[in-house]
Protein chains: 2
Amino acid sequence: MATDPDPGTPAAPRARERSTRQFEAVRDELARGDDFRSAQDIHASLGARGTAVGLATVYRALQTLADSGAADSLRSPAGQAVYRVCGQVHHHHLVCRSCGRTVEVQGLAVERWAEKTAGANGFSDVEHTVELTGTCTPCRTTSS
Amino acid sequence: MATDPDPGTPAAPRARERSTRQFEAVRDELARGDDFRSAQDIHASLGARGTAVGLATVYRALQTLADSGAADSLRSPAGQAVYRVCGQVHHHHLVCRSCGRTVEVQGLAVERWAEKTAGANGFSDVEHTVELTGTCTPCRTTSS
DNA sequence: TGCCATACTGATAACGATTCTCATTTTCAG
DNA sequence: CTGAAAATGAGAATCGTTATCAGTATGGCA
Ligand SMILES: [Mn+2]
Ligand SMILES: [Mn+2]
Ligand SMILES: [Zn+2]
Ligand SMILES: [Zn+2]
């Protein structure tokens with residue numbers, strides 16, 4: 001359960017060093033909308049548009065974007081990794097378990113709770129992951 | 001992203017009709033702890049204990065338990081489906097990113113915030129995932 | 001208690017998403 | 001313009017989960 005002993009390497013966040021047509025294509029395709037997309041999905045759209053990019057490259061680009069914070073990523077209930085361009089301000093997600101509709105939410109309350117709780121237990125440099133899942137209004141009225 | 005249109009079939013919740021040693025074994029193994037476990041994990045533990053149960057059966061049992069509400073299930077960040085017995089006291093985890101030490105925490109503040117935030121956005125049947133990561137005291141003083 | 005329709009099991013094949021390989025292409029500092 | 005290294009991409013390899021389907025065990029019933 002404990003993370004790698006983290007030898008000497010500061011977990012090299014292998015930042016991007018060169019600019020390529022493929023990477024930009026993925027970035028643009030993701031930015032084309034504000035919803036969560038899977039790697040396969042992006043790969044297909046890109047191909048259909050004539051801007052073909054290898055599937056492996058799409059996966060790599062998406063991961064890099066997520067690592068750098070330029071994109072959010074989460075697991076769809078189906079188990080796929082999905083990505084979306086991320087806003088700058090710190091926020092969390094409220095996702096509809098039925099249609100995937102997502103709302104970015106914030107809250108001083110959680111932030112404070114996280115900080116306080118961690119501190120009370122002697123933890124520092126706290127980070128937190130918060131995801132809310134529910135059923136949105138349209139889906140609720142429809143499915144019943 | 002959107003789930004199946006749910007045609008006519010009422011999603012037959014095929015309830016369990018017979019009692020078997022395997023199903024009980026999985027249920028018990030899951031109940032042995034209150035943390036999230038993967039199917040593979042349960043399968044291994046069961047085997048190590050001499051109560052061997054086929055992997056496919058473990059997957060089925062876990063799914064059935066989740067469908068009946070006897071277990072909660074979610075996707076671990078690694079993408080695996082993990083299950084936990086339902087009805088345990090609700091709590092979250094505060095994990096040390098260095099040594100893995102984990103503390104179970106609770107908080108009325110987050111609970112309320114989650115409920116309120118979701119409601120304000122028209123979402124119902126809210127569930128939430130909250131994980132705190134930080135550096136525990138021992139690790140902080142050690143790595144200076 | 002014995003019978004039997006079938007729910008359940010499990011070894012294994014099939015799947016599908018993501019990652020890995022590695023030869024080839026592309027970028028860019030010098 | 002050159003060369004070292006980053007980046008790409010086709011295809012193989014992983015790996016968690018699901019589908020098969022033949023063999024087994026359960027429980028209602030005679
Ligand atoms: Mn975001
Ligand atoms: Mn909670
Ligand atoms: Zn919805
Ligand atoms: Zn620690």
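- The phosphate of dT18(D) has OP1 or OP2 within less than 4.0 Å of a side-chain N or O from Gln63(B).
- Note that the OG1 atom of Thr102(A) and the CZ atom of Arg84(A) stand 5.5 Å from one another [nearest 0.5 Å].
- Using a 4.5 Å cut-off on side-chain heavy atoms (C-beta onward), Glu111(A) and His90(A) make contact.
- Interatomic distance, NE2 of His43(A) versus CG of Leu55(A), reported as 5.0 Å (0.5 Å rounding).
- For His93(A) and Phe36(A), the gap between ring centers is short of 6.0 Å.
- DNA chain D lies under 4.0 Å from at least one heavy atom of each of the following residues of residues 40-62 of chain A: Val53(A), Gly54(A), Ala56(A), Thr57(A), Arg60(A).
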Please walk me through it: do Val85(A) and Arg27(A) pass side chain to side chain contact (heavy atoms under 4.5 Å, CB included)? CA-CA 8 Å; Val85(A) 285; Arg27(A) 182 212 288 298; over 6 Å; no
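- Using a 30° and 60° split on the angle between ring planes, Trp113(B) and His92(A) fall in the perpendicular class, above 60°.
- Contact check on Arg112(B) versus Glu115(B) returns no salt bridge, with no Lys/Arg side-chain nitrogen under 4.0 Å from an Asp/Glu carboxylate oxygen.
- A 4.5 Å side-chain heavy-atom check between Tyr83(B) and Arg37(B) finds every atom pair outside the cut-off.
- Protein chain A touches strand DNA chain C; the 5'-most and 3'-most nucleotides with an atom under 4.0 angstrom of its non-hydrogen atoms are dA17(C) to dC28(C).
- Side-chain nitrogen and oxygen atoms of Gln22(A) include none within less than 4.0 Å of the OP1 or OP2 phosphate oxygen of dA7(D).
- Comment: Glu29(A) engages Arg32(A) in a salt bridge, judged by a side-chain N to carboxylate O separation of less than 4.0 angstrom.
- What separates CG of Leu74(B) from C1' of dT17(D) is a distance of 16 Å, to the nearest Å.
- With rounding to whole Å, Phe23(B) atom CZ is found 13 Å from dG27(D) atom P.
- Here the CZ-OG1 distance, from Phe123(A) to Thr137(B), works out to 7.5 Å after rounding to the nearest 0.5 Å.
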Distances for protein N or O near nucleotides 24-26 of chain D N or O, under 3.5 Å:
from, atom 1, to, atom 2, distance (Å)
dT26(D), O2, Arg18(B), NH1, 2.8

